[in-house]
Amino acid sequence: MPFIKVRDDLCKGCKLCITFCPKQVIRMSDRLNPKGYYVAELFDKEGCTGCGICARMCPDVAISVYREDKKEVPA
Amino acid sequence: MPFIKVRDDLCKGCKLCITFCPKQVIRMSDRLNPKGYYVAELFDKEGCTGCGICARMCPDVAISVYREDKKEVPA
Amino acid sequence: MSNKVLMKGNEAIGEAAITAGCRHFFGYPITPQSELPAYLSKHMPKVGGVFLQAESEVAAINMVYGAAAAGARVLTSSSSPGISLKQEGISYLASSELPAVICNVMRAGPGLGTIQPAQADYFQAVKGGGHGDYHNIVLAPESVQEIIDHVRLGFDLSDKYLNPAMILLDGALGQMMEPVDFGDYKPELQEKPWAATGCKGRKMNAITSIHIDPRDMEAHNIKLQEKYSKIRESEQKCEEWMLEDAEIMVVAYGLCARICKSAIRVCREKGIKVGLFRLISLWPFPEKKLDKAIDKVKEVFVVELSAGQMIEDVKLVDNGRKPITFHGRMGGMTPSVEDISDRIELIHDRITQKVG
Amino acid sequence: MSNKVLMKGNEAIGEAAITAGCRHFFGYPITPQSELPAYLSKHMPKVGGVFLQAESEVAAINMVYGAAAAGARVLTSSSSPGISLKQEGISYLASSELPAVICNVMRAGPGLGTIQPAQADYFQAVKGGGHGDYHNIVLAPESVQEIIDHVRLGFDLSDKYLNPAMILLDGALGQMMEPVDFGDYKPELQEKPWAATGCKGRKMNAITSIHIDPRDMEAHNIKLQEKYSKIRESEQKCEEWMLEDAEIMVVAYGLCARICKSAIRVCREKGIKVGLFRLISLWPFPEKKLDKAIDKVKEVFVVELSAGQMIEDVKLVDNGRKPITFHGRMGGMTPSVEDISDRIELIHDRITQKVG
Amino acid sequence: MHEDLIIAGFGGQGVMSMGQMLAYAGLTEGKNVLWMPAYGPETRGGFANCTVIVSDMEIGSPIVSHPRSIIVMNLPSLDRFEDSVKPGGTLVVNTTLASRKVRRKDIDVILVPATEVATELGDLRAANMVALGAFLECKPMISFKAVKKTLQKVFANKKSVIPLNEKALERGAEIAREQRKARSAV
Amino acid sequence: MHEDLIIAGFGGQGVMSMGQMLAYAGLTEGKNVLWMPAYGPETRGGFANCTVIVSDMEIGSPIVSHPRSIIVMNLPSLDRFEDSVKPGGTLVVNTTLASRKVRRKDIDVILVPATEVATELGDLRAANMVALGAFLECKPMISFKAVKKTLQKVFANKKSVIPLNEKALERGAEIAREQRKARSAV
Amino acid sequence: MKVVYERPESLLDVPFTYCPGCTHGIIHRMVADTLDDLGIRERTIGVSPVGCSVFAYEFFNCDMVAAAHGRAPAVATGIKRVHPDKIVFTYQGDGDLAAIGTAEIIHAAARGENITVIFANNVIYGMTGGQMAPTTLIGQKTDTTPYGRSVEANGHPIRVCELLSSLDGVAYLERVSTHDPKHVLKAQKAIKKAFQYQVDGKGFTLIELLSTCPSNWGMNPLDSLKWLEESMLPYYKPGVYKDIG
Amino acid sequence: MKVVYERPESLLDVPFTYCPGCTHGIIHRMVADTLDDLGIRERTIGVSPVGCSVFAYEFFNCDMVAAAHGRAPAVATGIKRVHPDKIVFTYQGDGDLAAIGTAEIIHAAARGENITVIFANNVIYGMTGGQMAPTTLIGQKTDTTPYGRSVEANGHPIRVCELLSSLDGVAYLERVSTHDPKHVLKAQKAIKKAFQYQVDGKGFTLIELLSTCPSNWGMNPLDSLKWLEESMLPYYKPGVYKDIG
Ligand SMILES: Cc1ncc(C[n+]2csc(CCOP(=O)(O)OP(=O)(O)O)c2C)c(N)n1
Ligand SMILES: Cc1ncc(C[n+]2csc(CCOP(=O)(O)OP(=O)(O)O)c2C)c(N)n1
Ligand code: SF4
Ligand code: SF4
Ligand code: SF4
Ligand code: SF4
Ligand code: SF4
Ligand code: SF4
Ligand SMILES: [Mg+2]
Ligand SMILES: [Mg+2]
């Protein structure tokens, strides 16, 4: 099952990943990071296809993507 | 009879007037001006048509043109 | 209180300029003076004035040159690196004897540095950061109210002497808010028959800074020097604060002088006889009063937000008479009141021991 | 004589730079230093070096910044107005601690001025025409031979201290021809592990002049100041000429010092005890030797091609001990030998009367 | 009377406007006032703080290293400023974003979950008002009346937000009052 | 031995190269030498002059207000420099372009129609060599031999012009000789 | 399970100082991925500007030189002339490149300096708090155009790709956008191509990336992307403006 | 017999400092004739540059302001913003305008400043003794390209009209030549049109005049005109590059 990890220390809660995830499997968590931002999280691990679009759009390069197959992400 | 006057104090002897005069009625005189240049002169008053081309090309604006008719010179 | 409004220093520059009859501003954005262009872009159009954001500081100072040549009261402002870029233009203004007011809201350098307050552009402002023998008139306000007064004075002196005037402040002064009173001031507007306005009804005017024959250029320089002498004679400005009975004289200007005032208050409460010689005009350097003041004290203590620049001019006036000590902070750091008062106390102890 | 070649000062700069291992020149044309770019555009390609004419002085100094950051020995040159335009870049070089040699073949200012010799950029070179607390190492040759020595020394010191070095001369020195000997000098090339060369096999290098936290910026400034102290300690250079028994000490540098030497010869023939203190390094100012020299004379006579700039540093060293008189010419004019010798005679007469 | 205060937090938490409001209010009360900002390197989200001085005397140094009062709106500000409060002074802490214990014993500490309270009130951006209310309750350098009058002026074009802000002020004051009471009860 | 000389004329009259040639020649003779140019505002056609110093001693000031010798190639230069010649010194005048009388009585004046002579010889640009020849005849600060050797070097790539230049030098010297003879005959 | 995407090696493990949602971060990521992809990190020297990306030297894991405002192309020229075999890029904002740095970018392009310019155009001065840039759109309100940019007072916005396209030294010029994943993908390809051209010694390359500034535009990150698409794209048309192939 | 042509009133009775045959003089004459023709001498303010025409303020009989090198468009902007009703022109060489003054000319054009720029392009730095200009042709030998300008070392010459033509603020742009009477006539018409546009408030106008530098090209005046025609015209094509009509 593909999935993503969001680094809490880097995320600034901009929501771009949430907006552009084609599967709509990311949301804002209720965790505040030390910089004062609520951070994003994958809430539906089943739904994630590992397409990497979230990582491509993340301005803070906070997302890493895990999948079985070849690297072709995010470009 | 149209004619031109060359101001000795301004002429630098570049010969452009001589080159471009369609009637070839200008030449270098043997007068040296105080700046050390031989100056141009109209040598054939009969030949000058007052076309003003010499004045148009004179880089030192040393030439004035005299003619009977309307001003349409040098532009 | 009724006439007082709360205003940022940078905005006060803008409003003061408008009240001084300035209708032309050319500048390029830089922190920490951003509130000024923001203010003027909003308010210049309301008074029929021109706010133009130039493509660079170099362009801005040359637009100023053009507007000044055209006879306008004109303002520009920037901060340290941007002022460095204007040095050629400033030298041209001085040489062409064109009036203009230039604000340097200093930040910490060298290089890109940081945006915190500093006074390390003193040499640049006062000795001439540009080429050739010239001087800016340089004023150093210590409060938002004084910013207003100095901007107006800057325009008046600049027009009077046909010389660029610089207002030298720092980011803290530029960004702090204090209550100010605009009072009722009338700018001393001068006729400018030399200006480039179109030559209708008179001979053409030419404004230039080139005198290719060195004899002419020397004559021009002598004329400039005579003007500088006149300014030196007439326009030295300073504040002598609690100096009447002082044994220790602190010398400082701008923001730093205010810190020193607080420190002097602390010391006075402890019975230390200390006062402040605050420079208001950095050029002309207030040497006449400083010269006399030095005679009356035992020691001079110079405080600057730099490695020590203004102190050289103090030493030149002192000329070996009294000991001079120095404290400077750099890089955007400011000394605390306690820091200064402690140092004054130390000097006091030393002097007293010496005396005792 | 066999090793001597006749060379213009400006060309000598170029050849000296090449022998110092400099392979990169970036500059923008300006009189009176044109022979230098002409020389280097011809000769750099022959040694595999780069001569690049930049689009402006501002671009040139920033190309220098890049090349210095990349680890090269790099040269630029200009004349007064162009040097003013380089002030931001110079402040950046100093702050980023990048080595580079900058030649200012001074002309008369302010403004466009004229192309004749002047020394009115002393303040700009020595006090820092750019923003912030920094110093250039400044050398002032008096002959074409010394130009060569100073350019080489400039590169070596610049690399040693990671600081820009400026060679300050004037158009007369730049354009005159004298016989010179290139001798056999080996440049003191330093390792530059800090340079931007690609990070293969090491951590990435970053070269910058921004330290946004004022505490860091202050620490950086303190580091710079410590370096300046070291340079002040070690690199003061001057020539004491006929000073052993002198009662009058002339202080001058560069072209002006040569005029003074001729004048001193004239005076010596008349039995006047006069000598020359010639500054070689303008920054660090040779205060140690000057300090001692002042003790031994009765009067100091400062001669400059300016309204009086270097004299301030002389006064700071003198600190009220001995009378100082001044003669300056401006705008491209130079004093004649007779002019100077007459003035020395006058001083001599005055001193003798005083004594007698 | 001479009071100085530093208010510190993230950019965007309204620490600057809170300070300006105090200065305005002070001016209307006929005091000498001074407001001075300080920003971090980041345009948004970096640290931001301001100094406010309100005094009957001429104001000297605008730079106050050890102010009588400090309001910290987040953890980095608490870390940075805890030691700066003048002994005997006041420290107001927004505990929502600065939840650690305060070490200083020689000062008056007010703990207000300002962000939480503001969120409850309907707008997290009113946290600054909650903190301000708490502060003024302990250190009435300016009267509540003057502050409220200033609120009216500041939000003249956005009147709808005034009630929320007033409520926030009051809730902050309330919390401070309770806390003091509790403490004096101990 | 210490000689100084100013050569002045229009730009383009070869006054600079004439001076450089002298300096080169001096160097080959083992002297200390210095050459210094000065230009007017115009790129071409403006005034141009240079100073040449040849000396057995170290050369001090490169700026000589009252040189022992001056060569003026045109009228403006005569006007400008006539008064500068050191009393007892030498003034060479290109009378073709500076035809007025010389006022100074306390100096040695050589009048050479240099431009005219050069034109006769076939190239007006050799006027400088005519003047130089005349000058060296009166004031042998450098030997003719050294100057001729320098000519060979300078025109190494353009050998064809050497004979003309040598002839010009000689004609100049001749004229000066005749003039001196005439004068001493008076 | 394998990591198929993670932070590129060419980025240091340091949080960006950019505001939330600012596309400077996306552009940084693309540049870093490109250095990784082409395997050129260790022989690359980047030049950071003055602008919000002034701290780029703290983010990129390759040698970095911080230039004065607008002078990155001159600094890059200096570096490249010393190390012609290294890969040199500048990262510049629109104020940096199209205002104070106009002469430097034009002449670097005309000289055909073999460098790559990454040009983040967010039609505003971000770092200094949102003043008008030369690229600011007509009607756009900024800190120094409080009534909206007007042609009469401020003139017309400059289109950099169009401007540079007449210069013979230019090898490749493309304008791309960052407002959605499709465009970002295109942008990434353009960046890679530009660096590849440099590796191949083809000359001056510049990629203009339309970018956002949520903070100074006064919008949230998503609305910023929409505004970019709706307001910027019509004036700043994406496309290849020059490609010598 | 009437004088049908004489020195225009808009020229002072002072000899030019230009070298014999230098076409700067022809261009001056055309500008002066235009001021006379349009009757605007008394309300015109000219801005002279640094370059051989640095003394233009001694030649034109209208108010003149001498700008720093390259900054004439900025100075003109300052003047025009003070006197929008006056006619303001700059006279600039190719070093002045296309090298150090690149940013100023581009931004004056982009702003659509209602000024007229007379741009004398002689593909060299005349005043300083013949160094390479940004306009110097490939292969051309100059004081700083002793082996001829090469693309590798110095890049490509800049064509100013082409460069500026993409800018929206520009009203009229034409390149003309001065190498023979026919072209001079055309040039004069272009100059007149540009000033007329300014009188009519149409915006930024620039006339690029291909010009000679006999002294630094090392040619006599006539050969210079021939060289202009044969070498410069092919790269710098005369024509109208923009005309908003
Ligand atoms: C010489 C100089 N002038 C001005 C500044 C101030 N300054 C810093 S960043 C900047 C503009 C940045 O805008 P842009 O290049 O568009 O970058 P952004 O922040 O939008 O990414 C300015 C004007 C400076 N640091 N130096
Ligand atoms: C700041 C500055 N840099 C350089 C110069 C030197 N300079 C004077 S004129 C000139 C170039 C002139 O060339 P151009 O503009 O083409 O005019 P031309 O003489 O060819 O007509 C230069 C570089 C200067 N005066 N000021
Ligand atoms: S990898 Fe694709 S599906 Fe998974 S969270 Fe990211 S955008 Fe959504
Ligand atoms: S795009 Fe990145 S920074 Fe933005 S919310 Fe998602 S993970 Fe966080
Ligand atoms: S007016 Fe015409 S015909 Fe007469 S001299 Fe001049 S060019 Fe020749
Ligand atoms: S064109 Fe003019 S300057 Fe040239 S020779 Fe004829 S009159 Fe004289
Ligand atoms: S100010 Fe704008 S450009 Fe700068 S980091 Fe914030 S959003 Fe990005
Ligand atoms: S140097 Fe060239 S451009 Fe200058 S006046 Fe002489 S010929 Fe004309
Ligand atoms: Mg931007
Ligand atoms: Mg030119």
Side-chain angles (χ1 to χ4, degrees), chain C residues 8 10-11 14 23-63 76-87 89 105 107 109-115 171 174-175, chain G residues 47-58 65-72 75 93-106 124-136 140-158 160 163 216:
Chain C
K8 285 193 179 181
N10 285 332
E11 294 175 343
R23 292 293 176 273
H24 292 84
F25 175 91
F26 304 93
Y28 186 78
I30 189 166
T31 314
Q33 57 83 62
S34 299
E35 295 81 4
L36 170 57
Y39 187 90
L40 285 177
S41 60
K42 205 161 164 186
H43 293 278
M44 270 297 193
K46 294 183 188 168
V47 294
V50 171
F51 167 88
L52 186 61
Q53 186 176 310
E55 60 270 30
S56 69
E57 289 87 355
V58 170
I61 193 72
N62 285 287
M63 290 174 184
T76 187
S77 98
S78 188
S79 178
S80 311
I83 296 289
S84 290
L85 285 169
K86 291 183 176 179
Q87 291 307 321
V105 185
R107 49 196 257 181
L112 190 49
T114 188
I115 56 175
Q175 297 191 316
Chain G
V47 182
S48 54
V50 180
C52 282
S53 42
V54 68
F55 294 112
Y57 67 85
E58 291 190 348
V65 179
H69 189 34
R71 318 306 175 190
V75 171
D94 46 322
D96 194 76
L97 182 142
I100 192 170
T102 307
E104 285 76 12
I105 196 69
I106 286 188
I124 206 153
Y125 285 27
M127 186 185 215
T128 43
Q131 294 80 8
M132 182 190 78
T135 47
T136 291
Q140 190 183 335
K141 285 189 182 169
T142 71
D143 201 43
T144 49
T145 54
Y147 309 112
R149 177 177 185 154
S150 79
V151 170
E152 298 68 43
N154 314 105
H156 296 267
I158 290 179
V160 169
L163 183 65
N216 287 304

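Source: prediction; values computed, not measured. Below, read A as the first sequence line, B as the second, and so on, with proteins coming before strands; counting in each chain starts at 1.
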Distance-only check: which donor-acceptor pairs under 3.5 Å involve side-chain atoms of residues 47-57 of chain C, not counting sequence neighbours?
from: C:Gln53; atom 1: OE1; to: G:Thr144; atom 2: OG1; distance (Å): 2.6
from: C:Gln53; atom 1: NE2; to: G:Met132; atom 2: O; distance (Å): 2.5
from: C:Glu55; atom 1: OE1; to: H:Arg111; atom 2: NH1; distance (Å): 2.9
from: C:Ser56; atom 1: OG; to: C:Val58; atom 2: N; distance (Å): 3.3
from: C:Ser56; atom 1: OG; to: C:Ala59; atom 2: N; distance (Å): 3.0

query: Heavy-atom distance under 4.5 Å to chain G: side chain of C:Pro45, backbone, both or neither?
result: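 The side chain, not the backbone.
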Residue C:Leu40 versus chain G: region with a heavy atom under 4.5 Å: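 Answer is neither: C:Leu40 stays 4.5 Å or more from chain G.
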Segment of G:Ala68 engaging chain C (4.5 angstrom heavy-atom cut-off):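 Neither part; nothing is under 4.5 Å.
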Looking at every heavy atom in both [X] and [Y], which two are closest together, and how far apart are they?
| X | Y | result |
| --- | --- | --- |
| C:Ile30 | G:Thr128 | CA-CG2, 4.1 Å |
| C:Lys46 | G:Tyr147 | CE-OH, 3.4 Å |
| G:Ala99 | C:Tyr28 | CB-OH, 3.8 Å |

field: Most contacts with chain G, counted as non-hydrogen pairs under 4.5 angstrom, among C:Ser41, C:Ala38, C:Ser34
entry: C:Ser41
field: Set of salt bridge (Lys or Arg N to Asp or Glu O under 4.0 Å) partners for G:Glu58, sequence neighbours left out
entry: none
message: With rounding to the nearest 0.5 angstrom, report the CD to OG1 distance, G:Gln131 to C:Thr31.
response: 7.0 Å
